[in-house]
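Here's the structure, in C-alpha cells; my notes come after.
A, B, ... follow the sequence lines: proteins, then strands. Residue 1 opens every chain.
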Amino acid sequence: MAKQPKTAITPTRAEDYPQWYQQVIREADLAEISPVRGCMVIKPWGWAIWENMQQALDKRFKETGHVNAYFPLFIPLSFLEAEAEHVEGFAKECAVVTHHRLEPGPDGGLVPAGPLEEPLIIRPTSETIIGFMYAKWVQSYRDLPIKINQWANVVRWEMRTRMFLRTTEFLWQEGHTCHATEEEALEETRLMLDVYAEFAENVMAMPVIKGEKTADERFPGAVSTLTIEAMMQDKKALQSGTSHFLGQNFAKAQKIIYQDKQGLQQHAWTTSWGASTRLIGALIMTHSDDDGLVLPPKLAPQQIVILPIIKGDETRDAVMQYCEELEADLKNQQYADSNIRVFIDKRDLRGGEKKWYHVKRGVPLRIEVGPRDMENGQVFVGRRDTGKSEGIDRAEFVANAGDMLNDIHDGLFQRALALRQSNTKTIETYEEFEEYFTSTDEGQGGFAMCHFAEDNPEVLKMIAKHKVSIRCIPLEDKSGPGTCIFTGEASRCRAVFGKSY
RNA sequence: CGGGAUGUAGCGCAGCCUGGUUAGCGCGUUUGACUGGGGGUCAAAAGGUCGGAGGUUCAAAUCCUCUCAUCCCGACCA
C-alpha cells in the first residue's frame, strides 16, 4: 500500500483553512478558475448541486405566488443614475460596455470600434431595469402586486475574488416585487426571508440566523435589508441570502405610480431579494471535512453510490447483476418527496480509489457490494457524514435508505448548529469583547451577542479595529433593552457581532 | 486598490542566492503483467517553448525591467 496522507485533503482545516477550502473544490471537482480574471468554470458536479438548489428554491418561489421572467443583461448607464444611494453602492464595481464592434488595429489584432452613444453597464443587479418596466406595467391598483423572479448572471467588479464566495461574474436569482401598500411589501420582504431560512435549514442543513442589517450594511437604496447569516467552520459569518424592503425609493426614482381605488396617484412599494452561487461556498464551509466535500442528501446529485467489488471474472456478472437489482430497488424508494438518486460506479478502478473518489465528492451513502455480501444477502454501507460503515441486511437497508438519508440531514444540521451555539457568546463589556475577538488559538471568537448603540460611527470604529462587523439584529431576539457596551448609551436590543466573509 | 507571497508536466514541489551538459523528483496518466473488501506491486512509456514580453550575457528556469495571473492579509462587497 502506498503512503497516503491521513486525510484526503491537505492542508487540513486546522492547518490552513483558506487552502483547505480551495482543495475541497478541486478534489470534489466542483469548479475551476478560468482564463478570465475573477471568473470561474462551474464543473458538472458543482453545477448539479446548483441545479438542485435552483429547483428547491424555484419550487418555493412558485408556491409563494411568484413567476419567472427574464430581463436584459445590459442596463443603460442612465438607469443606474436614477436612485442616488444605488449609484453610490454599485458605480465603483460596474463593467461598462462602450463599443459595439471590433476592427483590425494598426498593429494587428482587433481594437474596439463603433462607440456607443450611451454606454451600457452589465447588470450588477436589476432593480433599475426591472423598475423601468414595472413603471410601464403598473397603471392601476388592479395591476398590483407584481411578483417576478429571474434566474440570471450578474457582474460586480470586486477587488478580491474567491471561488463561489465572491467572483466577478456570479449566478443568482433576484426576485422583484411591487405592491400597493407598505404593509404588503413589508410582508413580502419578511416572507422571502423565511423562504430562504427554511431552504437553508431544510435543504442545505445549514442553520441560519434571521436578522436585519444595520444602516451601514444595508443594500444601496433599500429602506431595510433582512439577511440570513450562517456560521462557517472557521467561525466566520457568511451572509447567505438577503431580502430588501425598498420602500418607495425606487418607485419614486423610476415613477412606478398607480391609481388607487379613490382615483389618486400613488407610488408603489417595492422589494427585492436574492441568493447566489455563494450558497455553494456556504455549503462547503458548513459541512465539509478533512476528507473533502460533505453533501446534505437533498442537494447531493447522487445520494447513494453503489460500488461493485469485483474479485476475478467468475463473480463479475453475478455481482453486477446484484448491484443493478439493488439500484432498481433503491430508486423506487422515496426521500424528500422524490425517488432516491442512485448511481452505480462501474468503472474499472481499484476499490480504494473508487471509494475515495466518492468520499471527496461528498456522496452521502456508499454501498460496497462484493461476493461475500451477495452470499449473505447483505450490503456494506459507508456514511459520509460520520465516516462509519457496517454490513446491513439488503432488504432492511433498502427499506430504510430514505430514513438513513434523513438521519444524515439531521445529523449535519445538528452538528452545524452545535458549532454555532458553542461559538456564540453573550458579551456584556467592551473588555470582554476585545478579549473574545483577540484570542488567537482555537477560540478566535465566533458570534458575540452585544447591546449596542445603533447608527453610531464610534461603535463601528471600535469594532472595525478587531475586524468585526455587525452581522445583523436578530428578528427573534428577546433579550430586551440594555446598555451599549461601547458607548454606554441605551440599547433596545442585542446584535450579532462577528468576523465575516 | 494598498501590503505580502507565488507562478517549473494534470496535481504537489526541488533547482534560482553563487547563470554553463539532454530541467529533476513524488503523486497521477498510458501500456503490459500480477492483483483485487479498500487510494496495491513490478516493468516500460508518454508528458515541459520553466506564466508572458523585453533586456543583460558567449550562455538565462536562474540576474534586471515591465506585464499577466493566482493565493494570503487589508479596504470594498452576495
- prompt: Atom NZ of A/Lys43 and atom P of B/G10: how far apart are they, to the nearest Å?
  reply: 14 Å

query: How far, in whole Å, is B/A59 from B/U22 if one measures between their P atoms?
result: 15 Å

- line: A/Trp356 atom CH2 is separated from B/G28 atom P, nearest whole Å, by 15 Å

message: Quick check: on RNA chain B, is the nucleotide nearest A/Asp373 upstream (toward 5') of the one nearest A/Glu169, or the reverse? Name the residue that is more 5'.
response: A/Asp373

message: Counting the atoms with a prime plus P, OP1 and OP2 as sugar-phosphate, which does A/Phe380 contact under 4.0 Å by heavy atoms, base, sugar-phosphate, or nothing?
response: base

query: A/Met53 has an atom CE; how far is it from atom P of B/A78, in whole Å?
result: 18 Å

- prompt: What interatomic distance, in whole Å, is found between P of B/C72 and the corresponding atom of B/G32?
  reply: 42 Å

field: Touch class at under 4.0 angstrom, heavy-atom based, for A/Leu165 against every strand present
entry: base

task: Please list, chain by chain and in numerical order, all residues satisfying side-chain hydrogen bond (donor to acceptor under 3.5 Å, both in side chains) with A/Arg394, sequence neighbours excluded.
output: A/Asp329

query: In the strands shown, is B/G54 matched to any nucleotide by a Watson-Crick or G-U wobble pair with both distances under 3.5 Å, and which?
result: B/C64

Can you pull every protein N or O that's under 3.5 Å from an N or O on nucleotides 29-35 of chain B?
| residue | atom | partner | partner atom | Å |
| --- | --- | --- | --- | --- |
| B/U35 | O2 | A/Arg350 | NH1 | 2.8 |

task: Look through every strand shown and name the nucleotide pairing with B/G2 as Watson-Crick or G-U wobble, where both distances are under 3.5 Å.
output: B/C73

task: For A/Phe170 and for A/Arg26, find the nucleotide of RNA chain B with the closest heavy atom, then tell me which residue's nucleotide is more 5'.
output: A/Arg26

- prompt: Between B/G10 atom C1' and A/Asp29 atom CG, what is the distance in whole Å?
  reply: 12 Å

- prompt: Which whole-number value in Å describes the distance from A/Ile309 CD1 to B/G39 C1'?
  reply: 13 Å

query: Are A/Glu375 and A/Arg372 close enough for a salt bridge, meaning some N to O gap below 4.0 Å?
result: no

message: Please report the distance, rounded to the nearest Å, between CZ in A/Arg347 and C1' in B/G39.
response: 12 Å

message: Base, sugar-phosphate or nothing for A/Gly274? Non-hydrogen atoms, less than 4.0 Å.
response: nothing

query: Which heavy atom of A/Met462 sits nearest a heavy atom of A/His466, and at what distance?
result: O-CD2, 3.4 Å

message: Taking A/Arg420 first and then A/Glu229, would you say they form a salt bridge - that is, a charged N and a carboxylate O separated by under 4.0 Å?
response: no

- prompt: Is A/Asp290 salt-bridged to A/Arg13, cutoff N-O under 4.0 Å?
  reply: yes

query: When the C1' atoms of B/C73 and B/C58 are considered, how many whole Å apart are they?
result: 45 Å

Ion pair check, A/Lys388 and A/Glu390, cut-off under 4.0 Å: no

- prompt: If you measure from the Lys or Arg side-chain nitrogens to the Asp or Glu carboxylate oxygens, is any gap between A/Lys210 and A/Glu476 under 4.0 Å?
  reply: yes

- prompt: NA contact type, A/Ser276, heavy-atom cut-off 4.0 Å: base, sugar-phosphate, or nothing?
  reply: base

message: From CD of A/Glu32 over to C1' of B/C11, roughly how many Å is that when rounded to an integer?
response: 11 Å

task: Take atom P in B/G4 and the same atom in B/U65, then report the distance between them in whole Å.
output: 14 Å

Pair partner, B/C25 [Watson-Crick or wobble, under 3.5 Å]: B/G12

task: Between B/A60 and B/U41, how far apart are the C1' atoms? Round to whole Å, please.
output: 42 Å

query: Between CD of A/Glu324 and CG of A/Asp317, what distance do you get to the nearest 0.5 Å?
result: 9.5 Å

task: Please state the C1' separation for the pair B/A23 and B/U62 - nearest whole angstrom.
output: 12 Å

- request: In whole angstrom, give me the gap between the C1' atoms of B/G20 and B/G51.
  value: 25 Å

message: Distance check, P atoms only: B/A9 and B/G52, in whole angstrom units.
response: 10 Å

task: Could you check how far CD of A/Glu127 sits from P of B/A78, rounded to whole Å?
output: 11 Å

- prompt: What does B/A59 pair with, Watson-Crick or G-U, if both distances are under 3.5 Å?
  reply: none

message: Using a heavy-atom cut-off of 4.0 Å across all strands, would you classify A/Thr167 as base, sugar-phosphate, or nothing?
response: base

query: What about the rings of A/His86 and A/Phe250, do their centers lie closer together than 6.0 Å?
result: yes

- prompt: Mind checking who B/C42 pairs with, Watson-Crick or G-U wobble, both distances under 3.5 Å?
  reply: B/G32

query: So, is the end of the A/Arg347 side chain (NZ or CZ) under 6.0 Å from the ring centre of A/Tyr357 and within 45° of the ring's axis?
result: yes

Under 3.5 Å, N/O pairs linking protein and nucleotides 68-76 of chain B:
| residue | atom | partner | partner atom | Å |
| --- | --- | --- | --- | --- |
| B/A69 | OP2 | A/Arg37 | NH1 | 3.0 |
| B/U70 | OP1 | A/Gly38 | N | 3.0 |
| B/C71 | O2' | A/Gln19 | NE2 | 3.3 |
| B/C73 | OP2 | A/Arg160 | NH2 | 2.2 |
| B/C73 | OP2 | A/Arg162 | NH2 | 3.1 |
| B/C76 | O2 | A/Glu158 | OE1 | 3.4 |

